[in-house]
Amino acid sequence: MATVVDLFTYPIKGCAGTPLDSTHLTPAGLAHDRSFMVVSTDGVYRTQRRDPRLALVRPTISADGGRLTLASAERGSGDGGGGVRGGDDELHLDVTTSAPRRDVDLFGATFQGIDQGEEAAAWLSDFLGVPSRLVRVPPEHDRKTDGLTPGTSGYADSSAVHLLSRASLTRLHARMAERGAPPLAMDRFRPNIVIDGRPEARHGEDWAAAPHAEDRIRRMTIGAADLGYAKLAVRCAVTLVDQEAGARGGPEPLRTLAGYRRAAGGGVVFGAKFSVVRPGKLSVGDEVAVEEWGEEVAFEEWGDAEA
């Protein structure tokens with residue numbers, strides 16, 4: 001037995017997430033998730049792998065998706081009006097979906113993006129220290145994502161939803177403690193849905209208390225939505241970025257994960273990706289009802305690993 005304990009949407013790929021009490025799960029993921037992306041002037045995606053200061057950009061978006069605000073704790077707050085800076089602190093934008101489309105590159109694949117104008121470009125270029133543009137997913141975006149359950153997504157790395165359990169993070173912390181490393185915040189892994197066991201669950205029912213139980217979920221219902229397993233989440237250098245500092249913070253968690261979560265096909269895995277089978281409302285506190293389980297994935301112990 002498990003419940004949703006946290007929900008996060010990330011309106012701009014690579015930037016800070018927004019915690020939610022409830023939201024609508026669309027075919028492309030949580031409402032507005034990765035619907036915007038920062039790109040170079042050539043249209044190539046920017047990521048925390050190369051631009052860790054993206055983590056310091058705090059976007060907020062209106063429920064209807066028509067109004068986007070860019071802010072950062074580094075810059076304080078401002079009172080700017082629509083489409084202009086707020087004392088060089090905040091930028092309030094009216095989102096456009098009618099501007100000309102342009103090619104954008106995401107991991108070598110070409111998609112379309114709607115440029116959000118010069119004010120957004122200037123704000124991001126100034127903050128990141130490199131020439132940048134902001135693009136939005138067009139309404140006609142029809143991306144196909146791979147995995148056991150195919151689906152769609154905006155500008156996410158792959159599948160629409162990333163789910164992680166608190167038990168998995170607790171196991172990682174225990175492993176890290178064995179080598180003297182301090183625990184890390186959940187935001188290092190940028191999940192959309194965080195689940196945990198229910199304290200009142202009877203013995204044998206609290207499957208979410210087992211680390212990495214999400215690896216075996218094949219079909220589940222949460223709230224009014226159904227999700228299907230796509231694949232395990234292969235972790236990258238973004239997990240090395242301290243999301244509060246906007247800078248790399250050392251070799252963890254990849255160093256420890258490489259010792260016990262190394263995938264047969266390469267890389268290390270932590271959490272699972274899901275596609276949306278039936279859209280619907282999600283809320284913190286919703287029960288996670290697993291309709292189908294898969295086989296447990298075996299990982300070889302590698303002992304001390306360097307990353």
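Source: prediction; values computed, not measured.
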message: Quick check: do Leu93 and Arg67 have side-chain heavy atoms less than 4.5 Å from each other?
response: no
Ile61 vs Thr18, side chain to side chain contact (heavy atoms under 4.5 Å, CB included): CA-CA, chis, key distance, verdict: CA-CA 9 Å; Ile61 190 162; Thr18 301; over 6 Å; no
- request: Decide if atom CD of Glu296 counts as having more than 12 heavy atoms of other residues, nucleotides or ligands within a radius under 6.0 Å.
  value: no
- prompt: Could you give the distance from CZ (Phe36) to CG (Leu134), rounded to the nearest 0.5 Å?
  reply: 6.5 Å
- request: Check for a donor-acceptor pair, side chain of Ser35 on one end and backbone N or O of Val137 on the other, with a separation under 3.5 Å.
  value: no
field: Qualifying residue for salt bridge (charged side-chain N to carboxylate O under 4.0 Å, His left out) with Asp157, from Arg49, Arg235, Arg190, Arg34
entry: Arg49
- prompt: Is any side-chain heavy atom of Leu172 less than 4.5 Å from a side-chain heavy atom of Pro253?
  reply: yes
query: With side chains defined as the heavy atoms from C-beta onward, is the minimum distance between Phe299 and Val269 less than 4.5 Å?
result: yes
- prompt: Sub-3.5 Å donor-acceptor pair from the side chain of Thr145 to the main-chain atoms of Gly151, do we have one?
  reply: yes
- prompt: Mind checking whether Arg166 and Val194 have side chains closer than 4.5 Å, heavy atoms only?
  reply: yes
- request: Find the distance between CG (Leu30) and OG1 (Thr23) and round it off to the nearest 0.5 Å.
  value: 5.0 Å
statement: Between His141 and Gly154 the two heavy atoms that sit nearest each other are NE2-O, 3.5 Å
- request: Answer whether the closest heavy-atom distance between the side chains of Leu91 and Thr69 falls below 4.5 Å.
  value: no
- request: Check for a donor-acceptor pair, side chain of Gln48 on one end and backbone N or O of Gly14 on the other, with a separation under 3.5 Å.
  value: yes
query: Is a side-chain N or O of His173 found less than 3.5 angstrom from the main chain of Ser168, in a donor-acceptor match?
result: no
message: Set out, in order, the CA-CA distance, both residues' side-chain angles and the distance that settles side-chain hydrogen bond (donor to acceptor under 3.5 Å, both in side chains) for Thr256 and Arg179, then state yes or no.
response: CA-CA 8 Å; Thr256 296; Arg179 56 167 78 237; 3.1 Å; yes
message: Would the distance check show the side chain of Gln116 and the main-chain N or O of Val95 forming a donor-acceptor pair, the cut-off being under 3.5 Å?
response: no
query: When hydrophobic residues are tied together by side-chain contacts of less than 4.5 Å, even through go-betweens, does Leu164 share a cluster with Leu257?
result: yes
message: Just verifying a value: how many Å separate Ile217 CD1 and Glu292 CD, rounded to the nearest 0.5 Å?
response: 11.5 Å
message: With side-chain hydrogen bond (donor to acceptor under 3.5 Å, both in side chains) as the criterion, how do Ser165 and Glu214 come out once you've worked through the C-alpha distance, each side chain's angles and the decisive distance to 0.1 Å?
response: CA-CA 7 Å; Ser165 70; Glu214 59 267 32; 2.9 Å; yes
Solution key, residues 276-288 side-chain donor-acceptor pairs under 3.5 Å, sequence neighbours excluded:
from, atom 1, to, atom 2, distance (Å)
Arg278, NE, Asp226, OD2, 2.9
Arg278, NH1, Ala224, O, 2.9
Arg278, NH2, Ala224, O, 3.4
Arg278, NH2, Asp226, OD1, 3.2
Asp286, OD2, Ser283, N, 2.7
Glu287, OE1, Arg198, NH1, 3.4

- prompt: Given Arg136 and Thr97, is the side chain to side chain contact (heavy atoms under 4.5 Å, CB included) satisfied, shown in steps?
  reply: CA-CA 8 Å; Arg136 185 196 185 278; Thr97 58; 3.9 Å; yes
query: Between Asp51 (side chain) and Arg46 (backbone), is there a donor-acceptor pair under 3.5 Å?
result: no
message: Please check: side-chain N/O of Lys13 versus main-chain N/O of Tyr155, any donor-acceptor pairing under 3.5 Å?
response: yes
- request: Examine distances only and state if a side-chain atom of His92 and a backbone atom of Leu70 form a donor-acceptor pair shorter than 3.5 Å.
  value: no
- prompt: Do NZ/NE/NH1/NH2 and the carboxylate oxygens of Glu118 and Arg133 come within less than 4.0 Å?
  reply: yes
- prompt: Can you tell me how far the CG atom of Asp6 sits from the CD1 atom of Ile195, to the nearest 0.5 Å?
  reply: 11.5 Å
- prompt: Heavy-atom count around Glu140 CD within 6.0 Å, excluding the residue itself: above 12?
  reply: yes
task: Is it possible for you to say whether Trp207 and Ile222 belong to one hydrophobic cluster, with membership spreading through side-chain heavy-atom contacts below 4.5 Å?
output: yes
- prompt: What's the shortest heavy-atom distance between Ala208 and Ala2, and which atoms?
  reply: CB-CB, 3.4 Å
- line: Smallest heavy-atom separation, His162 atom then Gly271 atom, equals NE2-CA, 4.0 Å
query: Hey, are the side chains of Leu148 and Arg218 touching, using non-hydrogen atoms and a 4.5 Å cut-off?
result: yes
statement: Tightest non-hydrogen contact, residues Asp42 and Arg102, listed as C-NH2, 3.4 Å
For residues 105-114, dump all side-chain donor-acceptor pairs below 3.5 Å to protein atoms at least two apart in sequence or in another chain.
from, atom 1, to, atom 2, distance (Å)
Asp105, OD1, Gly108, N, 3.2
Gln112, NE2, Asp103, OD1, 2.4

message: What verdict does the side-chain hydrogen bond (donor to acceptor under 3.5 Å, both in side chains) test give for Ser62 and Asp64, after you've listed the backbone C-alpha separation in whole Å, the side-chain angles of each residue and the deciding distance to 0.1 Å?
response: CA-CA 5 Å; Ser62 61; Asp64 65 0; 2.6 Å; yes
message: Side-chain heavy atoms nearer than 4.5 Å, only ILVMFWY residues, links allowed to pass through others: does that put Met220 and Leu7 together?
response: yes
message: Do Met176 and Leu184 make a side-chain contact, defined as non-hydrogen atoms from C-beta onward lying under 4.5 Å apart?
response: yes
query: Stepwise, does the side chain to side chain contact (heavy atoms under 4.5 Å, CB included) test hold for Arg188 with Asp242?
result: CA-CA 7 Å; Arg188 285 288 186 102; Asp242 183 327; 3.9 Å; yes
- request: Starting at CE of Met1, measure out to OG1 of Thr3 and round the result to the nearest 0.5 Å.
  value: 10.0 Å
- line: All heavy atoms of Pro59 vs all of Leu68, minimum pair found to be CB-CD1, 4.2 Å
message: Filter on ring pair (Phe, Tyr, Trp, His ring centres under 6.0 Å), then keep only pairs touching residues 270-289, sequence neighbours left out; what's left?
response: Phe189-Phe270, His212-Phe270, Tyr229-Phe274
Straight-line distance of Arg143 CZ to Ser158 OG, nearest 0.5 Å: 7.0 Å
Val38 vs Leu128 side-chain heavy atoms within contact, under 4.5 Å: yes
- prompt: Is the side chain of Tyr10 donor-acceptor paired with the backbone N or O of Pro191 at a distance under 3.5 Å, no angle test?
  reply: yes
query: Salt bridge between Arg101 and Asp115, side-chain N to carboxylate O under 4.0 Å?
result: no
task: Could you tell me whether a side-chain N or O of Ser125 sits under 3.5 Å from a main-chain N or O of Ser132, the two making a donor and an acceptor?
output: yes
- request: Look at the side-chain heavy atoms of Ile, Leu, Val, Met, Phe, Trp and Tyr, link any pair under 4.5 Å apart, and say whether Leu240 and Leu169 land in one connected group.
  value: yes
- line: Nearest heavy-atom contact between Gln243 and Ala55 is OE1-CB, 3.6 Å
task: Report the C-alpha separation of Arg171 and Glu178 in whole Å, then their side-chain angles, then the decisive distance to 0.1 Å, and conclude whether the salt bridge (Lys or Arg N to Asp or Glu O under 4.0 Å) test is met.
output: CA-CA 11 Å; Arg171 169 64 62 84; Glu178 293 173 1; over 6 Å; no
task: Output, in order, the C-alpha distance, side-chain angles, deciding distance and verdict of side chain to side chain contact (heavy atoms under 4.5 Å, CB included) for Arg261 and Asp215.
output: CA-CA 11 Å; Arg261 294 285 295 177; Asp215 293 1; 2.9 Å; yes
